[in-house]
Every structure is written in structure tokens, then in C-alpha cells.
2 protein chains.
Amino acid sequence: MQKKSSATIYDVANRVGVSLATVSRVVNGNSNVRESTKRKVLDAIEELGYHPNAVARGLASKKTTTIGVVMPDVTDMYYSELARGIDDVANMYHYDVLLTNTDEDPVRETMAVNNLASKQVDGIIFMGNELDREVLNTIAAADAPVVLAGSLDSEGKLPSVNIDYVKAVEEATATVIKHGHQRVALVTGPMSHAINRMHRLVGYQSALDAAGLIFDEDLLFTAHQDYAAGLQIAEKIMQSEANAVIAYDDEVALGIMNYMQDHGKRVPEDFEIITSNDTKFAIVTRPDLTSIGQPKYDIGAVSMRMLTKLMNNEIIDDTQVKLPHTLERRGTTIN
Amino acid sequence: MQKKSSATIYDVANRVGVSLATVSRVVNGNSNVRESTKRKVLDAIEELGYHPNAVARGLASKKTTTIGVVMPDVTDMYYSELARGIDDVANMYHYDVLLTNTDEDPVRETMAVNNLASKQVDGIIFMGNELDREVLNTIAAADAPVVLAGSLDSEGKLPSVNIDYVKAVEEATATVIKHGHQRVALVTGPMSHAINRMHRLVGYQSALDAAGLIFDEDLLFTAHQDYAAGLQIAEKIMQSEANAVIAYDDEVALGIMNYMQDHGKRVPEDFEIITSNDTKFAIVTRPDLTSIGQPKYDIGAVSMRMLTKLMNNEIIDDTQVKLPHTLERRGTTIN
DNA sequence: AATAAAATTGCAAACGCTTACAAGCGTATC
DNA sequence: GATACGCTTGTAAGCGTTTGCAATTTTATT
């Protein structure tokens with residue numbers, strides 16, 4: 001049985017008859033300790049049920065072995081899969097993860113970063129579709145390294161891990177065009193967000209150009225990242241007489257698909273759909289969703305790995321990582 | 001612009017010409033400070049860009065305003081929705097959340113709890129289908145209050161928030177029986193877990209009894225909580241000639257549904273399905289899934305609220321909370 | 001056996017903040 | 001005008017570690 005209030009390093013030192021410093025050394029695996037005293041200390045630790053107090057340790061060492069993760073929403077499959085990758089490699093490197101949901105609200109994002117800074121996290125991983133200027137400033141002020149996971153700042157200054165959205169959307173668009181569905185709608189988040197304006201839209205237009213199609217602004221749609229939004233935007237998409245859609249979110253894509261089918265469209269014969277996140281949603285429906293394939297877990301994992309390097313002041317060759325993507329051809333596209 | 005290394009309480013005190021104690025008092029909203037000096041201190045804080053160091057604060061006050069959340073997997077919709085509820089009310093009470101994924105591995109659960117204890121969290125919320133004895137011991141040893149969210153220990157000793165699984169499964173089972181599908185399969189996790197053996201199974205049998213049906217062990221199935229497992233177990237379910245299934249996980253239910261439909265069964269006419277978690281998965285498919293309706297977000301929120309009381313040493317009337325559930329009738333059951 | 005070099009240990013000062021307890025001060029009371 | 005009381009503020013002792021430096025003990029060398 002453990003003692004009520006846990007033992008301190010002082011108790012262990014006393015028990016063995018050595019100084020605090022020595023106990024601290026064996027606890028931290030410092031090599032300069034004689035094997036025999038190490039043994040004794042370890043025994044005492046065992047007997048007293050001593051566990052180092054991480055808070056005290058953090059104060060003294062100025063390292064908390066804790067990182068902060070700022071994300072829009074844990075219940076969003078896309079982000080939660082990234083989070084899982086982050087958490088796994090964080091644990092691998094013995095970091096703990098402080099999680100904050102922001103719903104992409106810049107105010108909450110700012111608060112979150114400030115809060116994490118005052119908690120003295122050793123690093124931060126940030127996810128979100130857009131980096132508000134204020135958030136950017138806050139990040140700069142926090143003296144912890146930051147890496148963006150599945151997100152990017154318009155200036156491309158911050159370390160980040162993503163896929164090549166331009167190419168991915170370009171390929172997806174080209175695919176449906178090739179199938180003869182040339183009136184293709186694009187559903188993204190707000191164009192005020194760099195990722196939409198500077199990446200997805202660019203890829204989309206590029207595919208249009210390559211096919212000699214003219215860009216029609218009426219085929220551009222904006223929707224929140226949820227099923228209801230998909231259902232809702234679907235009506236307008238139908239009115240636009242599009243015969244294909246590239247959607248940036250799986251739930252949205254599902255909403256569109258169900259609406260189309262409920263309104264007499266055959267998917268994929270009359271209407272093709274390609275979604276972007278390839279979450280579990282994409283494979284459980286009938287038809288299942290053709291999707292851009294993103295290595296979500298890896299994006300998280302690589303971000304975290306990069307962060308460990310940053311926290312360690314190691315030099316990093318490439319801070320703007322683009323992981324390879326694929327196109328997972330399934331039931332919402334022909335063949 | 002902030003100074004490179006952030007200001008300390010000492011700097012603020014110096015600037016204003018008061019003692020540390022006074023600064024500490026205004027930072028902590030202590031009332032016994034003259035309004036005029038409070039003003040001055042606040043100004044100095046602003047000018048210096050001072051942010052309290054939470055680690056130092058934690059060491060001195062023995063409170064970290066951080067709680068730990070131990071969960072099987074963030075990418076599991078059921079748990080992530082609970083987590084969202086937890087996080088929201090945690091923020092409301094100004095707590096931060098330290099998140100750990102365990103994949104329900106008792107070893108990792110034990111490590112997680114120990115780790116959280118050494119990080120001096122003020123409280124812990126634990127999620128998982130079963131509480132290993134060792135985990136229970138570890139929880140007892142950690143001197144932080146713990147509440148179980150969407151989980152329960154076989155002895156019912158720990159504070160917890162759940163729905164009434166017995167009744168919920170009983171109702172679901174009764175529903176399909178009433179529809180004439182009397183050969184109903186039950187898919188759960190391992191019977192070694194209290195929640196399956198002592199709750200779901202009991203509710204299932206109770207409904208059978210009430211309908212005068214005899215219990216057939218061949219209708220009991222065990223599957224992991226994922227789509228592939230559902231697909232896999234579905235074959236056996238079909239062989240058992242069941243004409244309905246009560247599944248404990250939405251992804252599993254979806255796997256079963258798709259398998260059944262692919263093998264000529266009409267859902268719900270030939271085969272009814274009721275799932276248990278009512279996650280987003282349940283509504284995006286066609287047909288959509290009839291499900292036990294669980295107030296998942298609330299389970300998380302209420303757990304966290306209870307934890308704040310526990311951390312505050314407030315007395316709690318009922319530590320074994322059962323939130324109301326519903327039956328969401330959708331496309332996988334008749335009418 | 002003496003001395004240098006190496007390996008172990010101990011000392012004590014931080015780390016940045018909270019919090020009794022004590023002290024200072026102005027003012028109401030009689 | 002002395003006494004007491006209430007409000008503000010300061011003093012200083014922790015909180016449990018880490019860590020640079022010095023001291024001590026071992027071990028190696030000659």
C-alpha cells in the first residue's frame with residue numbers, strides 16, 4: 001500500500017542516506033551514479049512508491065514534456081484521425097497531450113494558444129482551416145515551436161505537414177471530367193481561407209483549363225463540414241445542373257449523395273462524387289465514396305515527429321512537408 | 001512586442017513598487033487590494049505582457065487546473081463525442097484536458113493513470129469497457145478523484161455517468177421481437193466485461209423472457225468495435241438464421257447491414273437492426289440505422305461537472321448517474 | 001606509497017508562485 | 001487624544017525538482 005500523501009525525492013534520499021541530487025540522477029537515468037547506490041535508490045523508490053512530481057520537475061527544468069494540440073473539433077473524423085497520429089508518436093517520445101477544441105473560432109484559438117503558453121507546453125500542434133492574423137501573432141509570441149497539421153498559413157512560413165491540395169483536387173476534377181461529367185461543382189469552405197482560395201480552387205481551375213473547359217463561378221459552393229450542410233447545399237448544386245461534385249468533407253459529400261439519390265439522380269451514372277478526406281464515412285455507405293486518399297494518421301504522426309525535432313533544436317531539412325496522396329476509386333465514380 | 005523571455009511576477013512587482021504578494025493577489029482576483037494599486041498592477045501586467053506561469057502556480061498551490069481523460073480511441077465516434085462534452089464543460093470551469101488513448105489495453109490504461117497522477121492532475125475521467133483490477137488499484141492509488149464516463153466498474157463503487165444499459169437493450173430487443181423478428185442476435189464485446197455480462201446480456205434475456213422466448217446461446221456474438229468486424233461477424237449471424245440483431249456499436253451494425261444486403265436480405269423486412277450508439281454513422285447511410293439514443297455529449301458533460309464537484313470536495317447526492325436514453329426509430333426497423 | 005585523474009556524491013541556489021502570518025496605517029469610537 | 005479595529009500590504013517560508021560547481025572518494029599510474 002502506498003502512503004497517503006506520496007513520497008518526495010527527499011524521503012527517498014533520506015531512506016537511502018544520499019543527497020537529493022543523487023536520487024534525482026538515478027531517476028533521470030544519469031549515468032554518473034555507482035551501480036550499487038543506484039540499486040539502493042531504486043529499491044527505496046520501489047518501497048516508498050515514489051513517483052516524481054512532474055510539476056516540480058517542470059518548474060526546475062523548464063520542460064514539461066507536454067505539448068498542446070489545438071483543433072477544430074474532436075468529433076470530426078478528419079481531425080480526430082490526425083489527433084490519433086499525433087498522440088501515438090507523442091507517447092512514443094514521452095510527451096503528454098493537452099487537447100483543445102476551438103470550432104475554428106479565432107478568438108478561442110487565440111485563447112487556446114495563450115493558455116497553452118502559460119501552461120508552459122514544450123510545443124504546439126495547430127489544426128484549423130485558416131490562421132487568423134491574431135492567432136499568428138499569438139503563436140509567434142508563445143515561445144514554443146509550432147507545427148501545422150493538415151493546415152497551412154497563407155504565407156507558408158510555419159512548419160507544416162499536408163498533402164498537395166492543388167494536385168489532389170486537380171486530379172479529382174480531371175477524373176470526373178474524363179468520365180464525361182464536365183459540369184463539375186466544387187464544394188469547399190469559405191474562399192477567404194487560404195487553403196480554399198490558394199489550393200483547392202487553383203487545382204480545380206487547373207483541371208478545367210487542361211480540359212479546355214471554362215470556369216463557371218456558379219459551380220462554386222461553400223458549406224460547413226457536416227452532413228446537414230451537405231444536404232442543404234445539395235439542392236443548390238442540383239439547380240446548378242452540375243453532374244459531378246468535388247467535396248472537401250466526407251459528411252458534406254454524403255449529404256449531397258443522399259439528396260441526389262433521393263431526388264432521382266443515379267450515382268455515379270448521372271452524378272459523380274469525389275470527396276476529400278477518406279474517413280470511415282467513405283466506406284460504410286452504399287455506394288461507397290470515391291475519395292482523395294489522405295494519409296491522415298501519418299500527417300499527424302509526421303507533424304508530431306517534426307515537433308520533437310523542433311523542441312530539440314535539431315535542424316530540419318524541409319519544414320513544409322507534403323505527404324503523398326492517392327485517389328481511392330470507389331462507388332461514386334464510374335468504374 | 002513582448003520581451004524575449006516572459007516577465008515574472010517579480011518584474012511586475014518591481015515595476016509597480018509593491019510586493020510579490022500583492023501582485024499575486026490581484027492576479028488571483030483576491031479582493032483585499034486597494035482599487036488604486038490594483039489598477040497600477042493591472043497596467044504593469046499589461047505593459048510587461050505578463051502571463052502567470054501555470055507550472056509554478058501548480059507547484060505552489062498544489063492545483064494544476066488540469067484534468068486527465070483516459071479513453072480507448074479518439075477516432076471512435078462514441079468516445080469522441082463524450083470527449084467533446086467533457087472538454088466543453090472543462091473549459092467552462094477553466095480546466096485543461098490531458099488526453100490519452102489506450103485502445104482499452106489495461107497496461108496502457110494503468111500507465112496512463114500513473115502518468116496523469118505524476119502530472120498532478122486535479123481529477124481524471126476514465127472511459128473504457130472494462131476496469132481491470134490493476135487499473136482499479138492504480139486509480140485508487142492516484143489521489144485524484146475519478147469519474148467513469150460511459151463506463152462502469154463491476155462493483156459499482158466509482159462515480160459514473162451512463163445510461164441504463166439493461167433497459168435500453170431490453171427495449172431494443174423487445175422492439176424487434178414485437179415486429180415478429182423473434183430470432184434476435186446480440187452482438188457485444190467480450191462477456192468477460194461487466195457491461196456486457198451484467199447489463200446488455202441481462203437486458204436481452206429479460207426481453208426474451210418477457211416474450212416467452214427461450215435463450216439460444218448461438219445467437220450471442222462478440223466483435224471488435226469496427227466496420228471490418230461487423231462485416232466478418234455478419235456471416236456467422238447469417239448462418240445462425242437470426243432475423244434481427246442488436247449491435248453494441250454503430251460501425252459493427254453497418255458492417256452487418258451491408259453484408260446482409262449484399263447477400264440478398266432486405267433490411268428491415270427480412271432482417272432488422274438496432275444499434276446502440278447513435279453516432280453520425282447512424283444517419284448517413286441508406287437505410288439509416290435505428291438506434292438506442294444516447295445523450296453522449298451530455299454523458300461527457302455531466303461526468304465533467306461531477307468531477308468538478310468532486311475536486312471541490314462538494315457532496316454529491318448521486319454518484320451513479322443514469323441519463324435517460326431513447327430509441328431512435330429509423331430505417332433498419334419496420335415502421 | 002604518493003599523486004594525478006576519474007568517477008561519485010553533496011551543496012545550495014534556482015525555478016515562479018502561493019499563502020500563512022505579521023506589520024503598517026488610517027479611521028471610527030468613546 | 002488614546003484604543004481598537006479593519007483594511008492593505010509586506011515578509012518569508014515553502015512547493016519538489018534540477019543542476020552547476022565543489023568536495024570527496026576511487027581507481028589508475030608511476
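Heavy atoms only: backbone and side chains are in, while hydrogens, waters and symmetry mates are out. Every chain is numbered from 1 and lettered A, B, ... according to where its sequence line falls, protein lines coming before strand lines.
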### Summary
Per nearest nucleotide of DNA chain D, the residue lying toward the 5' end, A/Val55 or B/Glu35, is B/Glu35
Check whether any side-chain N or O of [X] sits under 4.0 Å from OP1 or OP2 of [N], and answer yes or no.
X	N	answer
A/Asn28	D/dT18	yes
A/Ser61	D/dT18	no
A/Lys63	C/dC15	no
B/Tyr10	C/dA14	no
A/Ser24	D/dT18	yes
B/Ser19	D/dG10	yes
A/Thr37	C/dT9	yes

Interatomic distance, [X] [atom1] vs [N] [atom2] [rounded to whole Å]:
X	N	atom1	atom2	value
B/Lys119	D/dC15	NZ	P	22 Å
B/Leu20	C/dT18	CG	P	10 Å
B/Arg57	C/dC15	CZ	P	19 Å
A/Asn32	D/dA23	CG	P	19 Å
A/Lys38	C/dA7	NZ	C1'	14 Å
B/Gln120	D/dT17	CD	P	8 Å
B/Arg25	C/dT18	CZ	C1'	10 Å
A/Asn53	D/dT17	CG	C1'	8 Å

Does [Y] offer a backbone N or O that forms a donor-acceptor pair with the side chain of [X] under 3.5 Å?
X	Y	value
A/Ser118	A/Asn115	yes
B/Glu81	B/Pro295	no
A/Ser151	A/Gly128	yes
B/Asp132	B/Glu134	yes

### Task
Would you indicate what B/Val27 reaches in the nucleic acid, counting non-hydrogen atoms under 4.0 angstrom: base, sugar-phosphate, or nothing?
nothing
### Query
Contact class for B/Val23 (heavy atom, under 4.0 Å): base, sugar-phosphate, or nothing?
nothing
### More than 12 heavy atoms of other groups within 6.0 Å of A/Glu46 CD
no
### Summary
Among the nucleotides C/dC17, C/dT9, C/dC15, whichever has the atom closest to the side chain of A/Thr22 is C/dT9
### Query
In terms of side-chain heavy atoms of A/Leu59, which of D/dG14, C/dC15, C/dT9 is nearest?
C/dC15
